Amino acid sequence: MHLQNLHLLSFKNYEHLDLEFPKDINCIVGANGVGKTNLLDAINYLCMTKSAFNYVDNQNIKHGDPFFLVEGEIDSGERKFKIHCSLKNGRKKSFRLNKKEYEKVSEHIGKFPCVLITPYDTDLVREGSEIRRKFMDNTISQTDKIYLDNLLKYNHLIRQRNNLLKYFFENRTFDQDLLDSYNEPIIGLGKSIYEKRNAFVEEFLPIFLENYAFISDEAEPVALTYQSHHQTANFEEEFRRNIKKDLQLQRTCMGIHKDDFLFEISNYPLKKFGSQGQQKSFVISLKLAQFQVIYEITQNKPLLLLDDIFDKLDDNRIAKLLELVSKGTFGQIFLTDARPERSAVLLDNMREKVAFYNMEEIIPGT
Amino acid sequence: MNFPSRLVEDAVTEISKLPGIGKKTALRLVLHLLKEEEQTTELLAKALFKLRAEIKYCKHCHNISDDDICAICSSTVRDKSMICIVESSSDVMAIENTSQYYGLYHVLGGVISPIEGIGPSDLNIDSLLERMAGNEVKEVILALNSTMEADTTSFYLTKKLKNFDVKITSIARGVPIGGELEFTDEITLGRSILRRVSYE
Ligand SMILES: [Zn+2]
């Protein structure tokens with residue numbers, strides 16, 4: 001898979017940008033604030049239909065402009081695809097593949113996979129469960145359309161059920177038949193999402209452990225465990241029995257929307273007991289495993305977006321990552337660096353061609 | 001958007017509440033009306049006013065009607081043992097245009113959606129159950145749209161209908177006529193395979 005070009009209008013800090021990309025390594029350089037990460041985010045838009053950093057679409061419009069446009073052409077090896085994403089302020093996002101508008105934008109996800117490694121990845125360790133679910137969902141969604149569809153449906157039903165709970169609570173009323181009309185599909189979809197996550201973690205885990213061992217030189221044992229309410233013996237009963245609490249809080253307290261993934265190092269929580277370096281190794285290994293799993297299932301090497309890794313990783317981990325690059329593990333790579341001379345040295349003895357883009361020269365006046 | 005007049009702004013606000021009409025289009029319509037003769041606006045307003053004041057909804061099926069009971073419900077040739085449940089009058093028109101159905105209808109007037117504050121009591125569900133109590137109905141056909149809210153509503157209706165001795169069916173969904181398999185979305189295609197029918 002090869003992203004051949006990128007065309008931006010009024011996207012984030014870019015008024016106008018046209019770039020062509022060769023197959024191998026694309027190194028985007030320039031001072032901080034010039035918009036290197038935004039360029040990776042534009043590629044993320046083409047693959048994932050949204051920003052990796054700001055889910056509010058219209059906040060990605062260049063300040064003061066009425067719309068944004070992101071376009072790119074991808075050569076899959078067999079065919080060429082033109083991807084178009086645009087948003088007029090206050091309108092619905094338009095997303096097209098070869099000029100054909102998607103009925104549901106989510107249908108696009110998984111067609112052109114991508115994996116993004118950013119300095120923010122350590123949030124996966126530090127923050128609440130939502131970001132870990134998002135990571136897993138992002139990975140599974142890129143390999144399984146039915147999963148994504150079920151997940152979107154599930155989330156919508158939970159929103160409806162929570163509104164219903166609120167209505168019951170505020171109006172001191174109750175309708176078991178109506179509640180069941182939400183309970184049944186929520187329990188059903190929840191079960192299939194749980195089973196998929198469970199099966200997926202089984203597949204993901206050995207690949208993750210292998211990557212961690214490689215990145216950290218097998219320094220210490222790590223673990224990743226899936227936790228879900230569905231693991232309780234009588235989930236369905238428990239879920240229904242929880243209605244009193246649900247009504248009090250006016251939201252659904254049990255289900256896969258509360259799932260978590262426990263990260264451990266030497267049998268202790270990584271968040272508390274892992275050093276910064278260990279946490280970085282952990283999340284890089286998660287991302288590398290994400291890349292590998294998507295590749296194994298789809299036989300399509302995701303675009304690899306590496307944001308500022310030379311600055312944020314220590315030499316050991318950079319060396320490990322570059323070892324993977326030189327082994328041809330990845331397909332097309334996009335990386336950003338504020339210091340071009342450092343990238344030039346690090347990437348000097350790669351077999352792959354490296355193209356440099358100095359954003360300070362490409363967008364003058366910044 | 002800045003308006004030169006409060007009157008224009010009010011008119012634009014009202015018109016842009018219509019489905020598919022944004023503020024820009026609404027403004028164009030308003031300016032058009034101002035340019036035309038006064039009578040044009042008067043006739044439009046009168047027609048709309050009369051529409052709201054005089055339109056009736058069938059007392060049995062809630063379909064749009066000029067009389068208390070609509071033409072379908074008062075027809076002597078229609079099969080009164082079948083009721084087809086739809087969301088709106090436009091769905092009745094669509095099914096009538098197929099000329100494939102000779103039973104009666106029941107227009108719900110929407111679907112259940114707590115997010116939008118629509119519950120069962122906002123829809124014509126009680127009157128449906130009243131119609132069922134007559135014991136004349138042998139089959140209820142669920143013909144709601146293919147949305148999650150419609151699915152929830154269908155689910156709720158089957159719960160409410162289970163106390164009646166009636167067959168509950170749902171319209172079939174699948175690959176469109178003239179449609180190609182490779183361009184059919186996976187959910188529809190998967191469902192069509194699971195619910196395949198014997199070949200005739
Ligand atoms: Zn009628």
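Naming: A, B, ... by sequence-line order, numbering from 1 per chain. The model shown is predicted, which means the values in this text are computed figures rather than measured ones.
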Below 3.5 angstrom, are there any donor-acceptor pairs between chain B and chain A, and if so, which atoms and how far apart?
| residue | atom | partner | partner atom | Å |
| --- | --- | --- | --- | --- |
| B:Ser113 | OG | A:Gln160 | NE2 | 2.9 |
| B:Ile115 | N | A:Gln160 | OE1 | 2.9 |
| B:Glu149 | OE2 | A:His156 | NE2 | 2.4 |
| B:Glu149 | OE2 | A:Gln160 | NE2 | 2.7 |
| B:Tyr156 | OH | A:Asp175 | OD2 | 2.8 |
| B:Lys160 | NZ | A:Asp177 | OD2 | 3.1 |

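When the heavy atoms of residues 44-67 of chain B are compared with those of chain A, none of the residues falls under 4.5 Å.
Between A:Leu164 and B:Pro114 the shortest heavy-atom distance is N-CB, 3.6 Å.
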